[in-house]
Structures are given as C-alpha cells and as structure tokens.
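Down below is the structure, laid out as structure tokens.
Naming: A, B, ... by sequence-line order, numbering from 1 per chain. Because only heavy atoms are used, hydrogens play no part in the values below, and waters and symmetry mates are left out as well, while side chains stay in. Since this is a predicted model, take the numbers as computed values, not measurements.
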Amino acid sequence: MLVATWNVNSLKARLPRVEDWLQQVKPDVLCLQETKLAADAFPALTFSGLGYESVHHGQGQWNGVAILSKVGLESPTFGFAKEIEPDPDARIISASCGNVRVHSIYVPNGREVGHEHYQYKLSWLARLKQHLESTTSPSHDVIVAGDFNIAPTDADVWDKALFDGSTHVSQPERDALKEITNWGLVDTLRRRYRGAQIYSYYDYRAGRFHKREGMRIDYVMASQSLADRAVFDVIDRNGRKGKLPSDHCPIVTVFRNGSP
DNA sequence: ATGGTCGCGCAGCGA
C-alpha cells in the first residue's frame, strides 16, 4: 500500500498539480492539508473521476484536511473525539482505509514561542495524543500523516543557528511530539535515512528550494505493525518543482501487504 | 539590497 501526505497550500490553487500527481504516483491513500476550502467547494467529483473516494473537513479560507483513498474509506470522523476539548479549526480528519486507521493532520504553526498561538499548538498536540488514545490502539495498523509543523531534531532544519529560539524546534514542541511517537508511532522515513539533511518544506522566498534550505516538518507516522512492513520512503522533490508549486513536498511511504 | 513569495481576498495578515 502506497500512502502519501501533502500540504497543498490551497487545493483550489493546486488542483491541477494534485490531479497530475495522483495520475503519476497512483497512491492508495493521500492525506491532504491546507485545502483552504469550504465543504461545498471540495472537488470530490474530480477525485472520484480518478478512482478515489474522499472525505474533507474544511472551513474555507484557512486550514482544512482531507483523505483520499482507492482502498476503501469508512467511518470518517471530523475533528477530535467528542470527549476532547473541541478544536475551532479544521485540522484533523480520520477514516479507515482498508484495515488501516488513517489520520490526516495539520498541526498549528505556533507563530512565535510564547505567543497565544504557541500555547494553542502545545494544547493541540496534547489533544492529538488523547484522540489517538481514545480512538484506536497502537497495536493496530495506524497512520498519522500530515504537516506536524515541528522539526524533530536539528538534522531537520537547514540552519540550526537561524532557528535557535523559534518555533518548530523548541524543546516543548519536540517533547510534545515525542509524547505522540511514544504512544506507538514510527517516523519511517527518518528511520531509513538517519541524519540525512532532507526536507519537506521550503519557504517560497529567497530561492530556498533551489538552495536546499528547508525543514522536515511533514511525515508519515506508522504504528509498529505497519512500520515493520515499510519498504520505501521518499520526499518527492519533484512535487515542489515547476509552475505554481505548494511550498511543501509530498511524502510517500510504501508498505508491504500484511500477514507473512 | 536589511527583503526576498505565495494565497487569501482586496488590506494586510498568516505561513
């Protein structure tokens, strides 16, 4: 099963590229973030024409997450589980694709350390852990994929000194991420390419992409049973090239089929 | 050069 995640930075602006990418890569499951679309503007018919079922949690203008699947799409949920303090933003959607529980997430940016939005980010990460604990078990096949807006280690930013003291690298954010991975998730791409300077996001400004000055803040996280079957991981730099790209690359992981 | 670009929506904010 080929699973991918892509922060498209407006699905309206990016739809032609997403269509092309789907036809070239043919993922079984694609998690999208920052659709920036209202519910009634989501192009479900375009995706069904390409063989994909889809679900979308949108609010229009900002945020918005979706899951596309050609291996089944059952039991969708929108936002956090109902016993958890609700999120005013559309940042998480979950569904079962085949036998895998998939969560497409867009973690808040945080803006600046100490900012109100930074506290919201930490709170959101704690609620994500609660959501995982209350909706599924790490002993099952679980995917949490999306834009985490956290560089897990200093190897995940192009200039450690430049980011010193800013969001995405602060210890409380990294600790909150560790809490989530400790629940039972593996960053399969980082496991395969330990220490490699490879990035998923490049600021549009200053020619960052061409200078390879980015951050790795998007990942496909898999529970252990799935991670044991991960046979291929890649950050698709081609997805960031050419005309009208998102500022994020698609991330792809391939899992071998289950059972021995 | 002390910024640099997008997307939103139509000013200026957010990323």
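The heavy-atom pair separating Leu32(A) from Ser104(A) by the smallest distance is O-OG, 3.1 Å. Nearest approach of Lys12(A) to Leu37(A), heavy atoms of both residues: CB-CD2, 3.9 Å.
At whole-Å resolution of the value, CG in Asp247(A) and C1' in dC8(B) are 14 Å apart. When rounded to the nearest whole Å, the span between CG of Asp147(A) and C1' of dG7(B) equals 15 Å. In this structure, CD of Gln33(A) is placed 15 Å from P of dA15(B), rounded to the nearest angstrom. Distance Asn63(A) CG to dG14(B) P: 12 Å, rounded to the nearest Å. Counting to the nearest Å, the P atom of dG7(B) and the CG atom of Leu15(A) are 14 Å from each other. Following rounding to the nearest Å, Lys243(A) (NZ) and dC6(B) (P) show an atom-to-atom distance of 14 Å. Spacing between atom NE2 of His210(A) and atom P of dT5(B) amounts to 12 Å, rounded to whole angstrom units. Between the CZ atom of Arg208(A) and the P atom of dT5(B) there is a distance of 12 Å, given to the nearest Å.
Relative orientation of the Phe209(A) and Tyr202(A) rings is perpendicular, given thresholds of 30° and 60° on the angle between their planes. Below 30°, between 30° and 60°, or above 60°: for Tyr219(A) and Phe148(A) the angle between ring planes is below 30°, a parallel geometry.
Distance alone, capped at 3.5 Å, is enough to place a donor-acceptor pair between the Asp28(A) side chain and the Leu2(A) backbone.
Across dA15(B) and dG4(B), the matching C1' atoms stand 15 Å from one another, rounded to whole Å. Comparing the P positions of dG14(B) and dG9(B) gives an interatomic distance of 15 Å, to the nearest angstrom. dA1(B) and dA11(B) have their P atoms separated by 33 Å, given to the nearest Å.
With dC8(B), dG4(B), dA15(B) as the choices, the nucleotide that has an atom nearest any side-chain atom of Gln61(A) turns out to be dC8(B). Distance from the side chain of Tyr204(A) is smallest to dC6(B) among dC8(B), dC6(B), dA15(B).
Proximity of Ser10(A) to the phosphate of dC8(B): a side-chain N or O atom is located under 4.0 Å from OP1 or OP2. Of the side-chain N and O atoms in Arg205(A), none sit less than 4.0 angstrom from OP1 or OP2 of dA15(B).
Judged by closest nucleotide on DNA chain B, Thr35(A) is the one of Tyr201(A) and Thr35(A) placed further toward the 5' end. Each of Lys36(A) and Gly110(A) lies near DNA chain B, and the nucleotide nearest Lys36(A) is the one positioned closer to the 5' end.
In this structure, Arg111(A) reaches the sugar-phosphate backbone alone: every heavy-atom distance under 4.0 Å involves primed, P, OP1 or OP2 atoms, never a base.
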